[in-house]
Amino acid sequence: LEAKEEFSHKTLAMDVMRPRRNDPILTVITQDSMTVEDIEAIINETTYSGFPIVISRESQRLVGFVLRRDLIISVESARKKQEGIVSTSQIYFTEHTPPQPPTAPPSLKLRAIMDLSPFTITDQTPMEIVVDIFRKLGLRQCLVTHNGRLLGIITKKDVLKHIAQMANQDPDSILFN
Ligand code: ADP
């Protein structure tokens with residue numbers, strides 16, 4: 001009759017991570033195939049605090065994580081201060097940038113603002129352990145992978161909501177006091 005207890009032991013990272021089954025897909029940034037306007041569109045169309053950076057959409061291999069505020073500052077300041085940066089300028093999070101065709105506008109290198117080793121767990125990690133990791137490491141977010149492919153994200157707030165649900169409380173009540 002320890003239903004709640006049993007349930008809580010069985011909750012896995014994949015049950016708490018976003019996106020959920022019917023959600024829109026995870027918003028990611030690719031390391032070498034987006035332009036200034038692509039990044040500005042992501043900034044304008046979402047409110048997420050950060051974005052995983054992947055090698056390519058097809059591979060979904062994680063290479064890093066970038067905070068929204070760092071992206072905004074870097075792109076805005078490049079637009080103002082960096083000669084030749086326009087909407088079609090390519091953005092690179094890679095170490096090396098491929099040679100540009102002579103007609104291409106200058107590209108923008110943003111590797112410096114990328115967190116090169118964001119914390120990751122697999123989708124099968126029990127939430128008990130995830131909660132522990134968030135507490136002990138003071139994480140703000142954690143990325144979820146399966147066989148090396150990026151699947152989702154869990155934020156601190158997602159973890160707090162999960163804890164509240166486990167405790168059968170109104171999630172909003174513990175979040176804001
Ligand atoms: P918080 O959880 O503190 O509100 P965010 O605004 O970053 O932080 O995230 C809001 C929700 O969206 C969370 O449930 C989170 O799991 C999810 N989320 C965060 N980043 C992304 C992303 N890049 N793509 C899709 N969902 C995301």
Side-chain angles (χ1 to χ4, degrees), residues 13-14 16-125 130 133-134 137-161:
M14 62 178 296
V16 173
M17 69 171 203
R18 304 303 159 109
R20 292 285 170 81
R21 220 175 293 276
N22 296 314
D23 285 352
I25 58 164
L26 191 67
T27 302
V28 299
I29 291 175
T30 54
Q31 66 173 354
D32 61 3
S33 57
M34 284 188 166
T35 60
V36 165
E37 78 189 329
D38 293 334
I39 298 289
E40 286 171 339
I42 287 177
I43 291 168
N44 293 328
E45 288 160 18
T46 70
T47 58
Y48 305 127
S49 314
F51 307 94
I53 299 173
V54 293
I55 292 181
S56 66
R57 280 192 196 289
E58 302 73 56
S59 75
Q60 288 292 316
R61 298 272 153 192
L62 182 70
V63 287
F65 191 81
V66 65
L67 290 176
R68 172 194 198 78
R69 59 157 191 272
D70 292 338
L71 257 189
I72 293 175
I73 292 168
S74 301
V75 172
E76 273 179 6
S77 112
R79 280 264 200 196
K80 280 189 207 137
K81 297 176 197 153
Q82 216 169 309
E83 189 68 35
I85 296 294
V86 292
S87 299
T88 52
S89 292
Q90 205 70 31
I91 294 195
Y92 289 104
F93 291 91
T94 47
E95 212 164 342
H96 303 288
T97 55
Q100 301 289 310
T103 52
S107 54
L108 178 54
K109 297 175 190 63
L110 292 185
R111 189 175 181 81
I113 61 166
M114 173 167 80
D115 175 355
L116 297 168
S117 43
F119 204 89
T120 64
I121 53 169
T122 75
D123 58 339
Q124 298 302 313
T125 310
V130 177
I133 293 171
F134 266 81
L137 301 183
L139 298 181
R140 306 285 320 178
Q141 72 279 313
C142 173
L143 298 169
V144 183
T145 62
H146 182 83
N147 289 339
R149 282 170 71 91
L150 179 64
L151 273 194
I153 186 168
I154 298 178
T155 66
K156 181 176 170 181
K157 216 179 258 184
D158 294 329
V159 171
L160 289 172
K161 283 184 195 157

Is the shortest heavy-atom distance from the side chain of [X] to the side chain of [Y] under 4.5 Å?
X      : Y      : value
Ile154 : Phe134 : yes
Gln82  : Pro106 : no
Asp158 : Met17  : no
Leu71  : Ile113 : yes
Val63  : Phe93  : no
Lys156 : Leu139 : no
Cys142 : Ile133 : no

Is it the case that atom CD in Glu83 sees more than 12 heavy atoms from other parts of the structure closer than 6.0 Å? no
Please check if atom CD1 in Ile25 has more than 12 non-hydrogen atoms from other residues, nucleotides or ligands closer than 6.0 Å. no
Rounded to the nearest 0.5 Å, how far does [atom2] of [Y] lie from [atom1] of [X]?
X      : Y      : atom1 : atom2 : answer
Ile42  : Met34  : CD1   : CE    : 4.0 Å
Leu67  : Asp115 : CG    : CG    : 8.0 Å
Leu110 : Gln31  : CG    : CD    : 12.5 Å
Ser87  : Arg79  : OG    : CZ    : 3.5 Å
Ile39  : Phe51  : CD1   : CZ    : 8.5 Å
Ile53  : Ile91  : CD1   : CD1   : 10.0 Å

Assess the residue pair Leu116 and Arg111 against the criterion (side-chain contact (heavy atoms from CB on, under 4.5 Å)); give the C-alpha distance rounded to whole Å, side-chain angles, the decisive distance to 0.1 Å, and a yes or no. CA-CA 9 Å; Leu116 297 168; Arg111 189 175 181 81; 3.7 Å; yes
Are the side chain of [X] and the backbone N or O of [Y] linked by a donor-acceptor pair below 3.5 Å?
X      : Y      : result
Thr155 : Gln141 : no
Arg69  : Gly50  : no
Glu76  : Ile73  : no
Arg68  : Ile43  : yes

Closest heavy-atom contact between [X] and [Y]?
X      : Y     : result
Pro52  : Leu62 : CB-CD1, 3.9 Å
Pro19  : Pro24 : CB-O, 3.2 Å
Val130 : Ala13 : CG2-CB, 4.2 Å

Let me see the working for Met14 and Val144 under side-chain contact (heavy atoms from CB on, under 4.5 Å), right down to the final yes or no. CA-CA 8 Å; Met14 62 178 296; Val144 183; 5.7 Å; no
Show your working on side-chain contact (heavy atoms from CB on, under 4.5 Å) between Arg57 and Val28 and close with a plain yes or no. CA-CA 8 Å; Arg57 280 192 196 289; Val28 299; 3.5 Å; yes
Apply the test side-chain contact (heavy atoms from CB on, under 4.5 Å) to residues Val75 and Val36: give CA-CA distance (whole Å), side-chain angles for both, the deciding distance (0.1 Å), then the verdict. CA-CA 7 Å; Val75 172; Val36 165; 4.0 Å; yes
So, Thr145 and Arg61: side-chain donor and acceptor under 3.5 Å apart, yes or no? no
